[in-house]
Amino acid sequence: MSYISEQQIIRIKKLEKLRKLGINPYPSKEYNITTTVQKIKNNFLENDKISIAGRLMRLRILGKATFGNIKDHTGCIQIYFNKYNLYTKGINKKDVYNIIIKKLLDIGDIIGIIGILFKTKQNEKTVYVHKITILSKSIRPLPQVKKDKNKIIHDIFSNVEHRYRMRYVDLIVNDNIKDIFFKRTKIIKKIKNFLDVKGYIEVDTPILQLIPGGAIARPFVTHHNSLNIPLYLRIANELYLKRLIVGGFHGVYEFSKNFRNEGMDRNHNPEFTVLELYVAYKDYYWMMNFTEKIIKYIFKIFKNICYKAPFKRITILESIKEYTGFDLNNMDKNNIIKICRKLNIKENNNIDKNKLIENIFEEKCKKNYTDPTFIIDYPIEMSPLTKKHRDNKNLSERFELIINGQEIANAYSELNDPIDQLDRFKKQINNEKKIFKNYSMLIDKDFIRALEYGMPPTAGIGIGIDRLVMLLTNNKSIQEVLLFPQMKQEQEYKF
RNA sequence: GACCUGGUAGCUCAGCUGGUAGAGCAUUACACUUUUAAUGUAAGGGUCCUGGGUUCGAAUCCCAGUCAGGUCACCA
C-alpha cells in the first residue's frame, strides 16, 4: 500500500541512476542562456549556435533519432537529438544518447541545451542539440495535453479543482492561462500610470485595522498577542484614504486587498482587490467624467472596444420605472412591498425599504445594462458615507458603474460633514444589528475627529479590479483571474 | 447556510437493471535516423473520495461525512 504512484517510483529510480552516473539532477550552478524560444523563432537563422533552458514537454524517440519539445517562458520549440554529436559533462559519449536521452529523461524535466538551429524536412524550426544539462529532474508525471493537426486540444487538464489547487501545473500545461495574469498585471499598471500622470499619489494604508470600517461586511478577526487586542483584516480602506485627504493630499489611491468573511461564489473570493481613489475639491459628476476616461482608455487597450462618452446616466428610481413601470418616488415601505410581490421579488417586513429598492434594481434592471451605464442618485439611507444630493434631501450623490450587467465601480461625493457622518454611523448600526451582533462594532471616532478638522469636498471611487479583469479577459469566474483562489483544505494530500 | 450534480489509473473519461475494474494519452520493454496527437508489438499500473449500512456479492443501491462545481441565501 503506497501513496506513490508507479510512475513516480520509476522516476525516483531514474534520479538515483543519474546520481550514480555522476550527474547531479538538481545542480546549483547558474545556467547561461543566450536567447529565448521566441527570439529564436522570430529571428531564425540556420546554423546559429544557441543556448536555452526550459521544460521538456514532449519526447518522440525514433531509434537513433529523437525529437522533443522544450518550453521556456516565451514559448515552445522542437529539439532534436541523435547519438552523434551529443555531449554531457563527465559522461561517456555514446551513453549520453542511449542512457540519458532514451532512458532517463522524462517529460517535465527542466533542461538546458546548447545546439545549432536547423529546419527539418517538415520545415519545423528545430534545435540540433549538442550538449544537454539536466537542471531539475521532475519526479511527478505531467498531464499530457495534446494538440492535433487541426489545433484541437485533447485531454485538456480541465478539472477546475485540480487547476486551482495546482495552479503551477495549470500554468505549465494550459497555454492560455499565463496570458490572463500577464493581462491582469498590465491592466493594473496601465491604471496606475493613468493616475500617476494626473499627479495622484499611490499610498499604503493599514490592512490590520482596529475598527473594520468603510463598508458593511463581516470581517476576519485576528489577535495581536503583545497588545492583547483583536484586530480586523480590512473590509475597505476608504476611511484611511479620506484621512489622507484631510491631511492635505490632493489625490490618493491604493490597490487595496480587502477581506470579507462572506459566502464564496463565482463573483466573490474572501480576499479581493479594489482600487480606491479620492480626489479633493471634486464631486461625483467630475468623477463620472473621470471614470469615463479610465474605462474608455482601458477597454480600448485590452478589448479594442471604443465606448462613447458620456455614458448613459440614469437614476436608480428612473431605471426601475423604465424596466418595471413602477414609480417608487416618495413611496412608503408597504407599497414597495406590494410592488415586490407583483414583481415576484422576495419581500418581508424585516427587509429594509432601501434593500427592497436595491433588490428590485438587481433583479429587474441591472442585467439590462451591457454598455457602461451610471446608475445615480441612490436613496440616502443606502449610502452612509455619501453626501446628500444637492437638489433632493432623500437622495445621495452616488453612482455605480454597470458594464455587462456587472457592478464595476461605486463612487460618491464624499460626506465631509462630521456631525452628519456621526449621525449616519449611529443609524447604520441600528439598521444592521443583525450583522453586528456577532462582533462588537464600534464607530470609528478617530475618523469623525479627522472630519472635524475639516475634509475638503472630495470625490471618491472604488473599482472592483477582479471583476474588471474578468470583463477584460472574458472570464465568468473570479477564480480564473486569481492565481491562487481560496480553497478548502484537501482532505487527503497524495504524496 | 439550503438544494442539485459530480469525485473511478499520472491526465481526460467510460463503466447498463448489483456479479472478479475499462479506453485513449502517459509509464515500462523491444523495434525504428526527420518525427511533431510519431508509429508498431507486448506489459505493468486502482484505497473506484472517506466511513457505515443493505446484500451471498457494492464503483453501482441506502445513510452520514468530505472536497469541488452549479443554483439560491448572505455579500448596503
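Throughout, a chain's letter reflects where its sequence line sits, starting with A, and its residues are numbered from 1.
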> Within the pair Arg60(A) and A38(B), is there a side-chain N or O less than 4.0 Å away from OP1 or OP2?
Replying inline: yes
> CD of Gln78(A) versus C1' of A38(B): gap in Å, rounded?
Replying inline: 11 Å
>> Taking the P atom in each of C61(B) and G7(B), what is the distance between them to the nearest angstrom?
In response: 10 Å
>> Let's see if you can work this out: which of U34(B), C11(B), G69(B) has an atom nearest to the side-chain heavy atoms of Gln479(A)?
In response: G69(B)
> Do Asn267(A) and Gln406(A) get their side chains close enough for a donor-acceptor pair, meaning under 3.5 Å?
Replying inline: yes
>> Just the rounded figure in Å: distance from P of U71(B) to CD of Glu363(A).
In response: 14 Å
> Paired with U50(B): which nucleotide, if any, by Watson-Crick or G-U wobble criteria at under 3.5 Å for both distances?
Replying inline: A64(B)
>> Between U34(B) and Tyr128(A), counting only base atoms on the nucleotide and side-chain atoms on the residue, is there a donor-acceptor pair under 3.5 Å?
In response: no
> Donor-acceptor pair, Lys125(A) side chain versus Lys41(A) backbone, under 3.5 Å?
Replying inline: yes
>> Please encode protein proximity along nucleotides 23-32 of chain B as a string of B, S and -, counting only heavy-atom distances under 4.0 Å.
In response: -BSBSSSS-B
> When you check the phosphate oxygens OP1 and OP2 of A37(B), does a side-chain N or O of Arg58(A) lie under 4.0 Å from one of them?
Replying inline: no
>> Using the C1' atom as the point on both nucleotides, what is the distance between G69(B) and U54(B), in whole Å?
In response: 30 Å
> What interatomic distance, in whole Å, is found between C1' of G18(B) and the corresponding atom of A59(B)?
Replying inline: 10 Å
> With both distances under 3.5 Å as the test, what is the Watson-Crick or G-U wobble partner of A2(B)?
Replying inline: U71(B)
>> For U41(B), give the paired nucleotide (Watson-Crick: N1-N3 plus N6-O4 or O6-N4; G-U: N1-O2 and O6-N3; both under 3.5 Å), or none.
In response: A29(B)
> Expressed in angstrom and rounded to an integer, what is the separation of His162(A) atom NE2 from G7(B) atom C1'?
Replying inline: 8 Å
> How far, in whole Å, is A68(B) from U27(B) if one measures between their C1' atoms?
Replying inline: 28 Å
> Whole-Å distance between U33(B) C1' and Asn82(A) CG?
Replying inline: 7 Å
>> Rounded to whole Å, please give me the gap between CZ in Arg165(A) and C1' in G69(B).
In response: 12 Å
>> Looking only at the side chain of Lys355(A) (C-beta and beyond, no hydrogens), which of the listed nucleotides U34(B), C11(B), C75(B) gets closest?
In response: C75(B)
>> For the CG atom of Asn258(A) and the CZ atom of Phe220(A), what is their distance to the nearest 0.5 Å?
In response: 11.5 Å
>> Between A31(B) and C67(B), how many Å separate the two C1' atoms, rounded to a whole number?
In response: 45 Å
> When the distance from CG of Asn267(A) to P of A73(B) is rounded to whole Å, what number comes out?
Replying inline: 13 Å
> Which of parallel (below 30°), tilted (30 to 60°) and perpendicular (above 60°) describes Phe361(A) and Tyr369(A)?
Replying inline: parallel
> Mapping Asn359(A) and Tyr80(A) to their closest nucleotides on RNA chain B, which lands nearer the 5' end?
Replying inline: Tyr80(A)
> Should Arg266(A) be listed as having a side-chain N or O under 4.0 Å from OP1 or OP2 of U71(B)?
Replying inline: yes
> Is it true that a side-chain atom of Thr126(A) and a backbone atom of Glu124(A) form a donor plus acceptor pair closer than 3.5 Å?
Replying inline: yes
> Without hydrogens or angle criteria, can the side chains of Tyr128(A) and Asn82(A) be said to hold a donor-acceptor pair below 3.5 Å?
Replying inline: yes
>> Any N or O donor-acceptor pair under 3.5 Å from the base of U12(B) to the side chain of Ser158(A)?
In response: no
> Rounded to the nearest Å, what distance is computed from the CD atom of residue Glu262(A) to the P atom of nucleotide A73(B)?
Replying inline: 14 Å
>> Distance to the ring centre below 6.0 angstrom and angle to the axis at most 45 degrees; does that hold for Arg167(A) and Phe484(A)?
In response: no
>> What's the gap between U8(B) and C49(B) when it is taken at their P atoms, as a whole Å value?
In response: 6 Å
>> Using atom P in both nucleotides, what's the gap between A37(B) and C25(B) to the nearest angstrom?
In response: 14 Å
> When you compare C13(B) with G51(B), how far apart are their P atoms, in angstrom units rounded to a whole number?
Replying inline: 25 Å
>> Among Lys13(A), Arg55(A), Lys14(A), which residue satisfies the salt bridge (Lys or Arg N to Asp or Glu O under 4.0 Å) criterion with Asp106(A)?
In response: Lys14(A)
> Closest heavy-atom contact between Leu401(A) and Pro372(A)?
Replying inline: CD1-CB, 4.0 Å
> Reckon Lys83(A) touches a base, only the sugar-phosphate, or nothing at all at heavy-atom distances under 4.0 Å?
Replying inline: nothing
>> For a quick check, tell me whether the side chain of Glu124(A) and the base of U35(B) share a donor-acceptor pair closer than 3.5 Å.
In response: no
>> Would Arg398(A) and Ser383(A) count as a side chain to side chain contact (heavy atoms under 4.5 Å, CB included) here? Give the steps.
In response: CA-CA 8 Å; Arg398(A) 170 179 171 192; Ser383(A) 319; 2.9 Å; yes
>> Can you tell me which nucleotide in C75(B), A37(B), A68(B) comes closest to the side chain of His268(A)?
In response: C75(B)
> Mind checking who G22(B) pairs with, Watson-Crick or G-U wobble, both distances under 3.5 Å?
Replying inline: C13(B)
> Separation of Met166(A) atom CE from A68(B) atom C1', in whole Å?
Replying inline: 13 Å
